[in-house]
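Just below is one structure, and these are the notes that go with it.
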Amino acid sequence: MSRAKVVTVDSLREGAFAGRRVGACHGHFNVLHPGHRRFLQHARSQCDVLVVGILGPPFIPEELRPRYFPIEERALGVAALDAVEKVVLIETHDALIQFARLLAPAVYVLGTEFEEERRREVDDLLRALEAQGALVQFHSGEVRYASTELLYTPPRDIELERLRTFRAACARQRVDLRQVLARLRSLAPRRLLVIGDTIVDQYVACDAVGMSAEAPVLVVRELEARDYIGGAAVVAAHVRALGADCQFISVVGNDSPAAFVKGDLERRGIDVHLIEDRSRPTTFKIRYMVDNQKLFRVSRLSSHSIARPLEAAVVDALESHAQRIDGVVVSDFVHGVITSRVLGAIQALAARNGVRTFGDLQCSSQVGNVAKLVGFDLLCPTEREARLALGNHEDGVEHVAQTLLDRASAKNLVLKLGANGFISYERTSVGTMSQHFPALSSNPLDVTGAGDSLLAAMSLALASGFTMMEASALGACMAALAVNR
């Protein structure tokens, strides 16, 4: 069925969709991902029938062509979408104008980046569309941070489809996961230093009693509580669990949660360096739950930046480990440990000692800017965090990712899309390549910590000499395990 949707420009007939409002758009669609789907779904919402043009080699810089899949393969990926009526192969610049002339669309949708920044690339097309009286719309699709799949598809079917997509992604990128795991086990242990904000997560299991008679408040009965290491501390635990030697540097309060973290990490065989700050408590987050449903969270924390004497102590600890590590993992929860001075010291020691740097800045309930992690080998923001850092809430995912890569001078980027998985971006000598990896769990027990496990797995893989796509496949599996536990 998908193959029957794919046609050439020469086979298009004027008036083929007479009586229906025709919409059109075009693009490369090299690796189809959720950002493309948003764009195409928006285009389809503007018309009765959507026709998509797939651009051939003349539209791709010559040095990038070896990294693009054949036009027919890209066309079949788009044709598989229900929103698309026809897919047209466009193999010359003249064919793009002919595509628009023959379709005579009522509306033609282009990404927002073509409205100004890349307008020269579509000047001829825009003149042709204007002559036909077509409405040109610049839109990159509705930005969504959650998935609606579970409204329409059983979880088991979603997981099977995601597994198929994951296997296809690995095949496209020539990743053999069994070989990746075997190589990881056979390598001498890497040495990673993890630095960032320590958090203790307490989960309180409750019975639901009912509503209070005094006020519309849910009443629960506390059954049992258990503490877990969190924040940068759990990243260190993941790194160690994957077989690496791990050093951990953080700032904590003078309290029992700090003692709990120190004891837990030392039992795991981690070299722990906790610097005491008497002006703050160790960040402590309490989640009240009934069965596996979270009711609400209470946090005890102070997010002010650490004082200069403490900064000096952190920098001294970094310098003492600099000669014995293969990589630094920064896990910044914006609670005051990763100050400008500390970040500058990390960047300086990495440059001086040839140490790779991997970073994540999480700002779900606080404000941070992931673009401050300049020159890192890997950044792992969510889409929301990337858009906040750039002040860009309209452009498409591809444009946002490329802009952040450039702004932060990062070598690799993972853009996390929540239930839609993540897109990996890798800078190469011939440009930036990308691949979407789906979330392998459709109905997770608890999504807390998915990003921490992804950061740990990918940092270790990259520090061990694996490719970005091999690291991404490993990270996708690690995150799926984390959210199901």
Side-chain angles (χ1 to χ4, degrees), residues 1-62 64-65 68-115 118-142 168 396 398:
M1 179 62 183
S2 297
R3 193 171 296 277
K5 289 184 179 181
V6 180
V7 299
T8 64
V9 173
D10 292 338
S11 67
L12 284 179
R13 291 181 294 104
E14 290 188 74
F17 303 104
R20 292 195 284 174
R21 179 178 170 83
V22 177
C25 60
H26 71 262
H28 297 297
F29 302 102
N30 187 41
V31 176
L32 203 62
H33 58 64
H36 293 137
R37 291 187 177 90
R38 292 179 197 170
F39 172 71
L40 294 172
Q41 285 167 357
H42 171 77
R44 176 63 181 83
S45 72
Q46 305 301 302
C47 58
D48 299 325
V49 52
L50 176 62
V51 183
V52 180
I54 306 296
L55 301 180
F59 296 89
I60 304 169
E62 189 172 353
L64 288 178
R65 290 175 193 172
Y68 273 66
F69 296 102
I71 186 171
E72 295 83 3
E73 188 174 338
R74 291 185 277 127
L76 287 173
V78 174
L81 301 177
D82 292 337
V84 178
E85 179 92 3
K86 286 288 182 185
V87 178
V88 181
L89 306 180
I90 300 175
E91 306 210 48
T92 67
H93 290 277
D94 288 343
L96 180 59
I97 307 303
Q98 187 182 3
F99 169 72
R101 182 181 61 78
L102 292 171
L103 278 180
V107 59
Y108 202 103
V109 183
L110 292 165
T112 52
E113 63 270 23
F114 289 101
E115 190 166 13
R118 298 176 61 185
R119 192 179 185 93
R120 291 181 61 185
E121 297 177 31
V122 293
D123 271 344
D124 291 344
L125 174 65
L126 292 175
R127 282 192 288 270
L129 291 168
E130 183 181 0
Q132 292 178 287
L135 170 66
V136 177
Q137 191 177 99
F138 298 96
H139 203 290
S140 293
E142 181 183 357
E398 291 289 305

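Side-chain atoms are counted along with the backbone in the values below, which use heavy atoms only and exclude waters and symmetry mates.
- H33 places a side-chain N or O within donor-acceptor distance of the main-chain N or O of G35, the cut-off being under 3.5 Å.
- Residues satisfying the salt bridge (charged side-chain N to carboxylate O under 4.0 Å, His left out) criterion with E14, sequence neighbours excluded, are R101.
- Here the closest heavy-atom approach between residue P105 and residue A134 is recorded as O-CB, 3.2 Å.
- Nearest approach of A83 to L50, heavy atoms of both residues: O-CB, 3.7 Å.
- Scored by the side-chain hydrogen bond (donor to acceptor under 3.5 Å, both in side chains) test, H36 finds no partners at all (sequence neighbours excluded).
- Among residues at least two apart or in separate chains, side-chain hydrogen bond (donor to acceptor under 3.5 Å, both in side chains) pairs with a member in residues 128-140 are H42-Q137, Q46-Q137, T112-S140.
- Under the side-chain hydrogen bond (donor to acceptor under 3.5 Å, both in side chains) criterion, D94 pairs with no residue, sequence neighbours left out.
- Under the ring pair (Phe, Tyr, Trp, His ring centres under 6.0 Å) criterion, F17 pairs with no residue at all, not counting sequence neighbours.
- Between the CG atom of L76 and the CD1 atom of I71 there is a distance of 11.0 Å, given to the nearest 0.5 Å.
- You'll find the side chain of C25 reaches within 4.5 Å of the side chain of V52, heavy atoms only.
- Here the side chains of I54 and V6 are not in contact, with every heavy-atom distance at 4.5 Å or above.
- Proximity of L126 to R119: side-chain heavy atoms (C-beta onward) are separated by under 4.5 Å at one or more points.
- Rounding to the nearest 0.5 angstrom, the gap separating the OG1 atom in T8 from the CD atom in E91 is 9.0 Å.
- Pairing each heavy atom of L96 with each of I90, the nearest pair is N-CG2, 3.6 Å.
- Every residue meeting the side-chain hydrogen bond (donor to acceptor under 3.5 Å, both in side chains) condition with R127, not counting sequence neighbours, appears here in chain and number order: D124.
- Counting only heavy atoms from C-beta outward, the side chains of V9 and L89 never approach each other to under 4.5 Å.
- In plain terms, the two heavy atoms of C47 and V49 that are nearest each other are SG-O, 3.3 Å.
- Taking F114 as the reference, nothing meets the ring pair (Phe, Tyr, Trp, His ring centres under 6.0 Å) condition, with sequence neighbours excluded.
- Judged as a side-chain hydrogen bond (donor to acceptor under 3.5 Å, both in side chains), and not counting sequence neighbours, the contacts of R118 are E121.
- By the ring pair (Phe, Tyr, Trp, His ring centres under 6.0 Å) test, F59 pairs with H93, sequence neighbours left out.
- In this structure, L40 CG and L32 CG are separated by 7.0 Å, a value rounded to the nearest 0.5 Å.
- Using cut-offs of 30° and 60° on the angle between ring planes, the pair H26 and Y108 is tilted.
- Using a 4.5 Å cut-off on side-chain heavy atoms (C-beta onward), F99 and L125 make no contact.
- Partners of F39 according to the ring pair (Phe, Tyr, Trp, His ring centres under 6.0 Å) rule, which considers only residues two or more places apart in sequence or in another chain, do not exist here.
- Atom CD1 of I97 and atom CG of L102 lie 11.5 Å apart (nearest 0.5 Å).
- Counting only residues at least two apart or in different chains, salt bridge (Lys or Arg N to Asp or Glu O under 4.0 Å) contacts with residues 73-88 comprise R20-E85, E73-R172.
- Put simply, CG on L110 and CD on E115 are 10.0 Å apart, with the number rounded to the nearest 0.5 Å.
- Side chain of K5 to main chain of V78: no donor-acceptor pair is present (N/O by atom type, distance under 3.5 Å, no hydrogens or angles).
- Under the salt bridge (Lys or Arg N to Asp or Glu O under 4.0 Å) criterion, no residue pair touches residues 44-59, with sequence neighbours excluded.
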